[in-house]
Amino acid sequence: MAKRKQRTGAVQPQPLKTQKRMHRAKPICSCSSPRFTSSGPAFTCYEQDVWTEIAKFLDGKSLVMLAATCRWFHELVMEGCIWRYLCLRDLQVPDPRHPAAFDWKKLYISSFNGSHSYMFRQPEKHIDWMRIGAFFLESSSVLMTERLSAPLKFPKEESVQQMLESCGSCVLNDVKPGIWIADLQLVRCPVCELNTCDGTMQTLDARHIELFLSEGYQDGSWEYELIGIQDVKKHVEGASGAIFDVQHLNDTSTSAVFNLNSWVGKANDWQPKAVITMHAVAVNTNLQKNEGLQVKYHVMRAGAGGEVVSIRISQQLL
């Protein structure tokens with residue numbers, strides 16, 4: 001029994017406890033670098049320009065999430081140069097020569113938040129819409145037409161109505177240059193003013209990127225003005241409308257609008273189609289047998305005598 005007790009007493013865990021105590025007593029040292037001597041977050045030691053470039057690879061939603069992480073990133077993300085880059089990148093348009101009248105972040109939000117003009121005006125008439133994209137007006141003159149056959153006849157008459165009656169096209173001056181956003185709208189027929197009417201009207205709806213942020217548009221003092229009506233009293237194959245920058249009417253990219261086989265669809269395809277280039281936009285919907293179309297041209301100016309900031313070309317069956 002004594003041997004057993006002596007054997008039992010010989011097995012002692014004391015060395016192991018000593019080893020653990022030695023291990024715990026040993027301090028944990030981290031690597032240090034002379035670059036990270038700031039008391040602030042480690043990422044602030046990098047150049048701010050690096051993070052600015054990284055932010056340009058994100059979309060708007062990701063930028064907002066990044067800004068919510070800390071104050072430093074919030075200040076970085078709020079820089080106008082980042083939102084300006086995102087706007088031009090996502091809209092696929094060149095940098096405008098004139099400085100923007102509004103913050104680029106607000107311009108980006110108004111361009112990509114799913115808003116359109118019928119949300120603010122006549123929402124009860126609206127049925128459906130499609131975002132076409134953005135194009136760039138370098139000059140202050142545009143050619144509007146319901147004909148998509150090349151070459152276009154350049155009107156020389158004085159008034160818009162005379163131009164439409166002579167060749168189905170018209171030139172509009174005093175248009176605000178810059179980035180324009182185009183939508184294809186489908187609204188109820190405005191003739192009978194009945195919400196139960198099955199008649200519809202197709203509208204090519206183009207606006208300057210700054211329109212929704214302008215005070216005159218928000219308070220309703222800027223209204224659409226009818227500048228011309230054209231009646232096509234014969235069967236037409238499709239309801240078409242187009243807007244061209246006069247300065248770039250003969251550009252190679254603009255010629256894509258007249259290549260109808262590449263975008264209007266087959267004759268039995270009744271879905272609306274659209275095409276957009278750097279300096280032009282066009283829409284077309286193939287039609288069944290009909291008796292003709294009525295085409296209306298509306299513009300909105302930035303106050304009395306101001307620049308044109310929105311254009312609508314609408315077609316409805318006669």
Side-chain angles (χ1 to χ4, degrees), residues 47-69 72-120 129-140 142 175-185 204-218 222 243-245 247-248 251 253-254 256 274-283 300 302 306-312:
E47 292 292 338
Q48 186 172 355
D49 291 343
V50 175
W51 287 102
T52 301
E53 291 302 315
I54 293 174
K56 291 179 180 179
F57 286 92
L58 305 178
D59 56 17
K61 182 179 180 180
S62 300
L63 274 179
V64 174
M65 295 174 63
L66 179 62
T69 58
W72 191 88
F73 272 127
H74 182 271
E75 294 178 356
L76 174 73
V77 169
M78 291 302 108
E79 289 187 1
C81 64
I82 295 177
W83 293 98
R84 174 173 166 271
Y85 179 90
L86 261 65
C87 234
L88 301 180
R89 180 198 67 188
D90 295 348
L91 293 175
Q92 299 182 14
V93 291
D95 190 2
R97 297 179 180 178
H98 305 286
F102 296 94
D103 181 74
W104 279 100
K105 179 170 67 68
K106 294 181 179 180
L107 291 174
Y108 185 91
I109 293 173
S110 68
S111 301
F112 294 98
N113 63 358
S115 60
H116 56 83
S117 61
Y118 279 92
M119 293 178 64
F120 308 100
W129 74 294
M130 176 182 70
R131 171 59 50 83
I132 303 174
F135 62 105
F136 191 81
L137 293 182
E138 191 169 355
S139 69
S140 58
V142 299
V175 179
K176 187 172 184 177
I179 303 170
W180 281 62
I181 297 176
D183 298 326
L184 177 59
Q185 307 281 2
L204 170 58
D205 187 10
R207 61 178 172 89
H208 194 275
I209 190 175
E210 297 177 357
L211 177 62
F212 288 175
L213 301 178
S214 302
E215 182 179 355
Y217 183 84
Q218 294 178 351
W222 298 356
I243 303 172
F244 299 91
D245 187 336
Q247 184 174 328
H248 296 274
D251 287 5
S253 61
T254 304
V275 63
I276 196 162
T277 68
M278 185 64 70
H279 304 286
V281 61
V283 298
M300 176 183 287
E307 293 179 306
V308 174
V309 291
S310 183
I311 299 172
R312 284 179 175 175

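Just so you know, residue 1 is the first one in the sequence shown, and it goes up from there. Keep in mind that this is a model prediction, so the values were computed, not measured.
The aromatic rings of His116 and Trp129 sit tilted, their planes meeting at an angle between 30° and 60°.
Although no hydrogens or angles enter the test, the distance criterion places a donor-acceptor pair under 3.5 Å between the side chain of Arg131 and the main chain of Ser111. With His279 contributing its side chain and Leu137 its backbone, the two residues share no donor-acceptor pair below 3.5 Å. For the pair Thr69 (side chain) and Met65 (backbone), a donor-acceptor distance under 3.5 Å is absent. Counting only distance, with no hydrogens or angles, the side chain of Gln218 and the backbone of Phe212 share a donor-acceptor pair below 3.5 Å. Judged by distance alone, the side chain of Trp83 and the main-chain N or O of Val77 form a donor-acceptor pair under 3.5 Å. A donor-acceptor pair is defined here as one N or O able to donate and one able to accept, closer than 3.5 Å; no such pair exists between the side chain of Asp251 and the backbone of Thr254. For Trp104 (side chain) and Ala100 (main-chain N/O), no donor-acceptor pair under 3.5 Å exists by modelled atom type.
Residues His248 and Thr277 form no side-chain contact, since every pair of their non-hydrogen atoms from C-beta on lies 4.5 Å or further apart. Residues Leu211 and Ile181 are not in side-chain contact: their nearest non-hydrogen atoms beyond the backbone lie 4.5 Å or more apart. Annotation: side chain of Glu307 is in contact with side chain of Pro177 (closest heavy-atom distance under 4.5 Å). Trp222 places a side-chain heavy atom less than 4.5 Å from the side chain of Val309. Using a 4.5 Å heavy-atom cutoff, the side chains of Met300 and Ser117 are not in contact. Contact of the Phe102 side chain with the Ser110 side chain is not registered, since no non-hydrogen atoms from C-beta on lie closer than 4.5 Å. For the pair Phe244 and Val142, the minimum side-chain heavy-atom distance is 4.5 Å or more.
Interatomic distance, OG1 of Thr52 versus CG of Leu76, reported as 4.5 Å (0.5 Å rounding). Taking NZ of Lys56 as the reference point, atom SG of Cys81 lies at 5.5 Å (rounded to 0.5 Å). For the atom pair Tyr108 OH and Asp59 CG, the distance stands at 6.0 Å (nearest 0.5 Å). Taking OH of Tyr85 as the reference point, atom CG of Asp90 lies at 9.5 Å (rounded to 0.5 Å). To the nearest 0.5 Å, atom CG of residue Asp205 and atom OG of residue Ser310 are 5.0 Å apart.
With Tyr118 as the aromatic partner, Arg312 meets the cation-pi criteria of under 6.0 angstrom to the ring centre and within 45 degrees of the ring axis.
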- request: Test Leu91 against Phe112 for side chain to side chain contact (heavy atoms under 4.5 Å, CB included), laying out the working first.
  value: CA-CA 9 Å; Leu91 293 175; Phe112 294 98; 3.6 Å; yes

- request: Take Asp183 and Met130 through the side chain to side chain contact (heavy atoms under 4.5 Å, CB included) test and state the conclusion after the steps.
  value: CA-CA 6 Å; Asp183 298 326; Met130 176 182 70; over 6 Å; no

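In terms of the side chain to side chain donor-acceptor pair (under 3.5 Å) criterion, residue partners of Ser115 (sequence neighbours excluded) are, by chain and number, Asn113.
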